[in-house]
Amino acid sequence: MQCPKCRGNMRTLDRNGVHIEQCDNCRGIFLDYGELETLSRMENQWNQQHYAAPPPPPPPVHGPAWGGGHHGGHHYGHRRNSWVGMLFSS
C-alpha cells in the first residue's frame with residue numbers, strides 16, 4: 001500500500017485493537033471509517049472515566065494594584081493527558 005500524500009510505503013500498526021495505517025516516509029497516519037468510529041467510542045469511554053467531576057477552579061491570582069502584568073495562572077507548555085497521547089506514545 002502506498003501513502004496518498006508522499007507515495008511512501010504504508011505499514012499497519014495495532015494500537016489497543018485499532019488498526020492504524022502509518023507511512024514510513026512522512027509518518028502520516030490514516031484511518032478508515034470503522035477505525036475512526038472505534039477511536040470516538042474509546043474517547044467517550046476515556047472521558048467518562050477520567051473527567052467525571054470537573055476539577056476545582058484555580059485560586060485567584062492577585063496582580064499589582066497599579067494594573068501591571070502578572071505571571072500567575074499561565075501554564076505554558078502544559079499538555080492535558082488524553083487517550084490520544086496514550087494511543088500514540090511509543
Side-chain angles (χ1 to χ4, degrees):
M1 179 185 256
Q2 283 189 335
C3 174
K5 179 179 177 185
C6 72
R7 302 293 177 218
N9 290 325
M10 300 288 288
R11 61 184 165 131
T12 302
L13 304 172
D14 185 300
R15 300 290 184 150
N16 299 325
V18 179
H19 296 285
I20 298 168
E21 314 303 326
Q22 184 173 30
C23 177
D24 288 332
N25 190 37
C26 71
R27 309 276 298 159
I29 295 175
F30 301 91
L31 307 169
D32 67 22
Y33 182 77
E35 294 160 341
L36 185 58
E37 286 297 312
T38 301
L39 288 175
S40 295
R41 189 171 48 253
M42 289 172 67
E43 177 185 26
N44 288 335
Q45 291 171 352
W46 194 91
N47 284 332
Q48 288 174 358
Q49 292 172 358
H50 291 88
Y51 296 106
V61 177
H62 300 288
W66 44 268
H70 60 81
H71 299 287
H74 298 285
H75 300 284
Y76 296 104
H78 175 74
R79 292 177 55 195
R80 183 174 103 179
N81 291 332
S82 73
W83 64 276
V84 174
M86 292 188 302
L87 186 67
F88 295 111
S89 64
S90 64

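Side chains are part of it too, since the values below use all heavy atoms of this structure and drop only hydrogens, waters and symmetry mates. Keep in mind that this is a model prediction, so the values were computed, not measured.
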Rounded to the nearest 0.5 Å, what's the gap from CG on Leu31 to OG1 on Thr38? Could you check? 9.5 Å
What's the spacing between Gln22 CD and Arg15 CZ if we round to 0.5 Å? 7.5 Å
Does Arg7 have any side chain to side chain contact (heavy atoms under 4.5 Å, CB included) partners at least two apart in sequence or in another chain, and if so, which? Gln2
For Cys23 and Gly8 the tightest heavy-atom approach is SG-CA, 4.1 Å
For the student: nearest non-hydrogen atoms of Ile20 and Glu35, plus distance: N-OE2, 4.2 Å
Residues in side-chain hydrogen bond (donor to acceptor under 3.5 Å, both in side chains) contact with Glu21, at least two apart in sequence or another chain: Thr12
Is it true that Val18 and Leu36 fall in one hydrophobic cluster, defined by side-chain heavy atoms closer than 4.5 Å? yes
Closest non-hydrogen atom pair, Lys5 against Cys26: CD-SG, 4.2 Å
Residues passing the side-chain hydrogen bond (donor to acceptor under 3.5 Å, both in side chains) test with Asn25, sequence neighbours excluded, are none
What I'd like to find out is whether the side chain of Arg41 reaches to under 4.5 Å of the side chain of Asn44, using heavy atoms alone. no
As an exercise, state the distance from CE of Met42 to CD of Glu37, rounded to the nearest 0.5 Å. 13.5 Å
